[in-house]
J.: 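Got a structure here, written out as structure tokens. Questions coming.
Keep in mind that what you see is a predicted model, and the values were worked out from it rather than measured. A note on names: the letters A, B, ... follow the listed sequences, proteins ahead of strands, and every chain is numbered from 1.
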Protein chains: 2
Amino acid sequence: MTETAPGTATTSRRYGTRPTMKDVAARAGVGLKTVSRVVNGEPGVTPDTERRVREAITALGFRRNDSARILRKGRTASIGLVLEDLADPFYGPLSRAVEEVARAHGALLINGSSAEDPEREQELVLALCARRVDGLVVIPAGRDHRYLGPEIAAGVATVFVDRPAGRIDADAVLSDSFGGARDGVAHLIAHGHRRIGFIGDQPGIHTAEERLRGYRTAMAEAGLPVEDAWVSLGPTDPARVRAATAAMLDAPEPVTALFAGNNRVTVTVVRVLNERPAPVALVGFDDFELADLLSPGITVIAQDAAQLGRTAAELLFRRLDGAGAEPRRVVLPTRLIARGSGELPPAA
Amino acid sequence: MTETAPGTATTSRRYGTRPTMKDVAARAGVGLKTVSRVVNGEPGVTPDTERRVREAITALGFRRNDSARILRKGRTASIGLVLEDLADPFYGPLSRAVEEVARAHGALLINGSSAEDPEREQELVLALCARRVDGLVVIPAGRDHRYLGPEIAAGVATVFVDRPAGRIDADAVLSDSFGGARDGVAHLIAHGHRRIGFIGDQPGIHTAEERLRGYRTAMAEAGLPVEDAWVSLGPTDPARVRAATAAMLDAPEPVTALFAGNNRVTVTVVRVLNERPAPVALVGFDDFELADLLSPGITVIAQDAAQLGRTAAELLFRRLDGAGAEPRRVVLPTRLIARGSGELPPAA
DNA sequence: TAGCCCCTGGACAACGTTGTCAGCGGCAGG
DNA sequence: CCTGCCGCTGACAACGTTGTCCAGGGGCTA
């Protein structure tokens with residue numbers, strides 16, 4: 001045993017310094033490798049030796065340093081998740097689903113929010129790569145993911161969720177934004193609407209564009225024109241959405257129904273409609289808690305966020321297990337849930 | 001550019017093997033340490049040398065291996081967050097707030113869900129410690145955290161949030177559960193209620209007990225009795241809460257008002273009340289999105305989840321910056337938001 | 001021109017763990 | 001009694017990075 005801190009016992013160590021296997025080995029009177037064997041449950045250790053080692057471990061409060069282990073082994077048993085905003089209720093279940101799958105595979109989840117900022121996304125992704133995560137699940141904020149090329153080539157499995165990767169070919173798990181929006185708008189048309197507004201997320205975001213395309217397609221299929229004033233894309237903050245909604249409703253010839261491009265938009269639109277006397281039909285993309293308890297209940301195009309996360313994570317681990325193949329694109333169906341708001345007839 | 005075909009030049013590497021500083025140094029024709037200097041922006045490198053190194057870095061797709069760096073430096077620049085369930089809307093903003101603070105301090109956030117299972121909490125916490133996170137933010141699931149003793153002694157800063165640690169002395173950031181519940185119940189009493197039910201989370205959970213204590217105190221302060229049938233603690237799954245609510249409302253002498261112990265409970269209670277003709281007053285602990293849009297709006301005791309997370313993370317980083325001191329307990333106030341459901345008069 | 005210092009660059013050890021390999025004692029078979 | 005094998009154990013190198021220390025060269029001063 002060696003002396004360490006000024007004037008104290010053998011086991012005392014400076015604050016902030018942790019005992020290592022070497023310390024454990026010294027205390028147990030065995031070799032370094034034997035400690036390693038015990039810690040990792042490898043065979044070939046006498047019960048008596050093992051007991052001595054275990055005693056030393058608890059006495060010293062030893063905990064294996066995974067950084068060293070990772071360095072040595074090359075695998076980190078962790079995956080990274082980069083999403084837009086954890087505070088958005090859409091991402092909670094998604095994140096949780098990814099975590100559950102990771103856990104089932106013995107991996108830890110490291111996650112971060114890009115705040116919808118491409119630079120921040122890249123910064124985060126590269127930080128995770130520097131940590132040598134085994135794989136990445138990314139909800140893209142940017143439109144160009146070529147910076148991931150070297151990482152993917154180096155063996156970092158990567159799956160994109162909710163939106164496809166930009167300018168590289170990679171696995172992606174998506175919801176059927178186009179089909180969902182088309183169904184939702186067709187639903188409104190079926191209930192007699194002719195003048196339908198679309199309020200969506202920023203142009204440039206894949207889902208926003210797909211949903212807009214779905215809207216336009218449904219209108220076209222019904223032979224209806226789309227006026228410029230009926231389409232508004234932009235940030236989903238309440239102020240912008242409020243303004244857009246008001247503009248459509250206060251126009252000389254107001255829209256009689258609205259399609260909201262995601263849950264953030266829907267919530268604000270509901271608030272605006274609530275403040276107005278005349279009922280306006282509404283279908284929103286994304287389901288959300290309590291949508292059924294509002295009056296009228298909100299008709300939505302539901303996508304299963306948890307399923308999205310689960311599917312992506314499972315695909316990721318299949319890749320890690322060596323399922324090498326062409327990048328795949330998985331598209332999950334959406335489901336229209338009619339609750340009332342989408343079945344209102346045109347006011348006029 | 002060099003050839004990378006199988007079995008060729010020095011710079012070719014197997015799939016899954018990443019270039020190291022040594023490779024970069026060889027390619028740039030400089031020493032190992034010089035590469036390190038460039039990568040870390042240390043002074044003392046000629047512009048020309050730096051350029052050569054940077055070229056080699058991009059050519060090889062080099063990315064520093066943070067595992068090795070961490071091992072060498074001892075600090076990981078990452079903190080761990082262990083919470084109950086990311087899918088619970090209460091934790092999204094909390095997690096996000098912690099992340100923002102971590103980011104401001106240049107640290108990465110690793111998080112995991114305990115699923116309210118003490119064993120899983122411990123497993124997660126220890127896994128994070130093995131990764132040598134610099135600090136931990138923990139929303140406890142268990143009641144005994146002595147297992148954290150060695151870690152804290154070894155310098156892992158730890159802050160508990162939402163509930164205090166069990167059987168060890170540690171920093172904690174809490175909401176005023178007791179005061180909030182007391183205020184909420186007093187609010188119901190002020191509106192004429194005498195028979196008030198309390199539906200809360202599992203006994204053993206600190207907040208559940210504090211809120212129950214607040215309920216009992218408010219009742220006692222008003223000189224009102226509390227019948228056993230008016231108090232129900234247990235899991236917050238819909239089935240249990242439904243049953244408990246129904247039992248209180250269908251009793252021979254039903255309660256005229258309910259206090260819900262957290263947002264999960266509130267949501268289910270709202271659903272049950274919606275199915276019944278007679279209005280029942282309701283105050284819920286925790287605010288939630290759309291609470292204002294229901295009819296009646298739901299009166300709540302709001303706690304600021306983001307503030308909770310922010311405060312905890314800031315305290316954590318103060319500790320990491322060396323603010324050694326006695327463990328502190330910070331209690332944040334709650335706020336009653338009256339929206340209608342809490343102001344309904346007794347039915348009878 | 002000698003002497004000195006500064007600037008740049010590199011050799012080397014160390015961080016804590018795991019994989020490889022070799023040693024040692026005992027036991028069975030020849 | 002020797003050989004060969006097996007079960008257990010430990011010495012040693014390696015993972016990729018950073019900190020320490022030293023060497024060489026160029027510019028400056030005396």
J.: Rounded to 10°, tell me the angle between the two end axes of the helix from C/dT1-D/dA30 to C/dG30-D/dC1, each built from five pairs.
T.: 50°
J.: With sequence neighbours left out, which residue pairs that include part of residues 40-63 of chain B fulfil the salt bridge (Lys or Arg N to Asp or Glu O under 4.0 Å) condition?
T.: A/Glu151-B/Arg63, B/Asp48-B/Arg51, B/Asp48-B/Arg52, B/Glu50-B/Arg54, B/Arg51-B/Glu55
J.: Please list, chain by chain and in numerical order, all residues satisfying side-chain contact (heavy atoms from CB on, under 4.5 Å) with B/Glu116, sequence neighbours excluded.
T.: B/Glu84, B/Ala141, B/Arg163, B/Ile205
J.: Using the side-chain contact (heavy atoms from CB on, under 4.5 Å) criterion, which residues pair with B/Ala26? Sequence neighbours excluded.
T.: none
J.: With sequence neighbours left out, write down each residue that passes ring-ring contact (aromatic ring centres under 6.0 Å, His included) with A/Tyr91, or none if nothing qualifies.
T.: none
J.: Holding to side-chain contact (heavy atoms from CB on, under 4.5 Å), I want the full list of residues that pass it with A/Leu128, two or more places apart in sequence or in another chain.
T.: A/Val82, A/Ile110, A/Val133, A/Leu136, B/Leu108
J.: Produce the list of close N/O pairs, under 3.5 Å, pairing protein atoms with atoms of nucleotides 6-8 of chain C; give distances to one decimal.
T.:
{"residue": "C/dT8", "atom": "O3'", "partner": "B/Thr46", "partner atom": "OG1", "Å": "2.9"}

J.: Can you tabulate the close N/O pairs, meaning under 3.5 Å, that link protein atoms to atoms of nucleotides 14-18 of chain D?
T.:
{"residue": "D/dA14", "atom": "N3", "partner": "A/Arg72", "partner atom": "NH1", "Å": "3.2"}
{"residue": "D/dT17", "atom": "OP1", "partner": "B/Asn65", "partner atom": "N", "Å": "3.1"}
{"residue": "D/dT17", "atom": "OP2", "partner": "B/Met21", "partner atom": "N", "Å": "2.7"}
{"residue": "D/dT18", "atom": "OP1", "partner": "B/Asn40", "partner atom": "OD1", "Å": "3.3"}
{"residue": "D/dT18", "atom": "OP1", "partner": "B/Asn40", "partner atom": "ND2", "Å": "3.1"}
{"residue": "D/dT18", "atom": "OP1", "partner": "B/Arg69", "partner atom": "NE", "Å": "2.9"}
{"residue": "D/dT18", "atom": "OP2", "partner": "B/Ser36", "partner atom": "OG", "Å": "2.9"}
{"residue": "D/dT18", "atom": "OP2", "partner": "B/Asn40", "partner atom": "ND2", "Å": "3.2"}
{"residue": "D/dT18", "atom": "O2", "partner": "B/Arg72", "partner atom": "NH1", "Å": "2.2"}

J.: Between residues 51-58 of chain B and DNA chain D, which residues have a heavy-atom gap below 4.0 Å?
T.: none
J.: Using ring-ring contact (aromatic ring centres under 6.0 Å, His included) as the criterion, list what pairs up with A/Phe317, not counting sequence neighbours.
T.: A/His105
J.: Tell me every residue that passes side-chain contact (heavy atoms from CB on, under 4.5 Å) with B/Ser113, counting only those two or more places apart in sequence or in another chain.
T.: A/Arg96, A/Glu99, B/Leu83, B/Leu86
J.: Going by side chain to side chain donor-acceptor pair (under 3.5 Å), name the pairs with one or both residues in residues 319-329 of chain B, residues two or more places apart or in two chains.
T.: B/Asp171-B/Arg319
J.: What I want to check is whether the side chains of B/His145 and B/Glu121 have a donor and an acceptor closer together than 3.5 Å.
T.: yes
J.: Distance check, rounded to the nearest 0.5 Å: A/Leu316 atom CG versus A/Phe160 atom CZ?
T.: 11.5 Å
J.: So, do A/Ser78 and A/Arg131 sit near enough that their side-chain heavy atoms are less than 4.5 Å apart?
T.: no
